[in-house]
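Structure record follows, encoded as C-alpha cells.
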Amino acid sequence: MDNKETFQKIYDHLFNLYGPQGWWPLLEVNGCNPTKTGSINGYHPNNYEYPKTKNQCFEVCIGAILTQNTSWPSVEKSLKNLRKLIEITPENIINLDIEQLKEAIKPSGYYNQKSVRLKGFSEFFIKLNHVPTREELLKLNGVGPETADSMLLYAFKVPSFVVDAYTKRILINLNLIDGSEKYDKIKELFEENVEKNLEIYQEYHALIVEHAKNYYRKKENYITCPLLKIIK
DNA sequence: TTCCAGGCAATAC
DNA sequence: GTATTGCATGGA
C-alpha cells in the first residue's frame, strides 16, 4: 500500500468514526444544528464558512495562542472571561490593562507569557492588509509552527496542514515515521499524500486530535488503536 | 499526589 | 544541530 492510499484510508476511517468536527470552535455560531460533536459549544460541523468576520478570524488566532499546551475547555473559559470585559478585537486587547488580561486568561496557563504575546499578535493583526504568510507568522513572539499553521488553516483558510504532538504519536505508532522527523518533515508527509483541499485539511487535523484523545493519552492504549488494523 | 493538555523560546550540551 | 528546561492552570 503506498502512502497516498494509507493516508486516505486513515482519513476515511476517522471520518466514518467521528464525522465532521466543526473546527475551529467560536464563542458564537448561528444556524448550526447541534450534533454529537457539539455545536452548542462553538463547533460548527459541516459548515466551513467560519470564521465569517474579521473579528472571528482574530478570535481563532487568539485561541490558537491560548491553546498552546492547554486543553480547549480552559481556553473557552479564558475567551468567555475576556468577552465579559471587552468585545474581542485587536484594538481592545491592546487597550486592555495587562493585569486584567492576565486575570482573564489565567485558566489557560502561562498567563504571563501569553498576555504579552496576545498584545503583540494584536499589533500585528491590526497592520495586516493581506493574508499573512507562514514566514510572517513564525517571526512573531509566541507563534511557532503549529500555531502558525493553525492560524493559516482555521483563521485564514489557507490549506496548510497542522501537525501536533498527537499527530506525531499516531504516525510513530502506525510505523509511518520513526520519530526522529521534525515538524516540517511530518507536515510535508501529509501535504504530499493528502489532496490539497481546505476542508479536508481542516477535518484531518481535527479528526486526529479527536482520535488521539480516545487512544493516545496513555501509552498502554496505543496498541488498541483501530488504525493499526486498517493500514496493514 | 501525579500526570498531562490541540507549544514556544531560551539555554545547555 | 539536538536536548533540556521554564512557563502555570485545571482536570482526570
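In what follows, every chain begins at residue 1, and chains take the letters A, B, ... in the order their sequences are listed. Worth saying up front: this structure is predicted, and the values here are computed from it rather than measured. All values below were derived from every heavy atom in this structure, side-chain atoms included, with hydrogens, water molecules and symmetry-related copies excluded.
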B:dA10 and C:dT9, which share atom name C1', separated by this distance in whole Å:
22 Å
In whole Å, what separates the P atom of C:dA8 from that of B:dT11?
15 Å
What nucleic acid atoms does A:V162 come within less than 4.0 Å of, heavy atoms only: base, sugar-phosphate, or nothing?
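Answer is nothing: A:V162 stays at 4.0 Å or more from every strand.
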Which is true for A:P145 with a 4.0 Å heavy-atom rule: it touches a base, it touches only sugar-phosphate, or it touches nothing?
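Sugar-phosphate, no base atom in range.
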Should we say atom CD of A:E28 is surrounded by more than 12 heavy atoms from elsewhere, each under 6.0 Å from it?
no
Is it true that, when you exclude A:K185 itself, more than 12 heavy atoms of the residues, nucleotides or ligands shown sit nearer than 6.0 Å to its NZ?
no
Spacing between [X] atom [atom1] and [N] atom [atom2], to the nearest angstrom:
X      : N     : atom1 : atom2 : value
A:N221 : B:dC4 : CG    : C1'   : 14 Å
A:E210 : B:dA5 : CD    : C1'   : 14 Å
A:N141 : B:dG7 : CG    : P     : 17 Å
A:L137 : B:dC8 : CG    : P     : 12 Å
A:R217 : B:dC3 : CZ    : C1'   : 12 Å
A:L140 : B:dG7 : CG    : C1'   : 15 Å

Is a salt bridge present between A:K80 and A:E76, judged by a nitrogen-to-oxygen distance below 4.0 Å?
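Between A:E76 and A:K80 there is a salt bridge, with a charged N closer than 4.0 Å to a carboxylate O.
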Looking at CG of A:L227 and CG of A:N173, how far apart are the two atoms once the value is rounded to the nearest 0.5 Å?
9.0 Å
Which of residues 169-200 of chain A sit near DNA chain C, with a heavy atom under 4.0 Å from it?
A:K182
Return the set of residues passing ring pair (Phe, Tyr, Trp, His ring centres under 6.0 Å) with [X] (not counting sequence neighbours), or none when no residue passes.
X      : result
A:Y204 : A:Y11, A:F161, A:F190
A:F58  : A:F125
A:Y183 : none

Please report the shortest heavy-atom distance between A:Q68 and A:K114, naming the atom on each side.
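The pair with the smallest heavy-atom distance is O-NZ, 3.2 Å.
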Please list all pairs passing the ring pair (Phe, Tyr, Trp, His ring centres under 6.0 Å) test where one or both residues lie in residues 75-120 of chain A, with sequence neighbours left out.
none
Contact nearer the 5' end of DNA chain B, comparing A:K139 with A:W23
A:W23
Closest-nucleotide 5' rank along DNA chain B - winner of A:A64 and A:L138
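Upstream on the strand: A:A64.
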Report, as a single string ordered 5' to 3', how protein heavy atoms within less than 4.0 Å touch nucleotides 4-12 of chain C: B base, S sugar-phosphate only, - not at all.
---BBSSS-
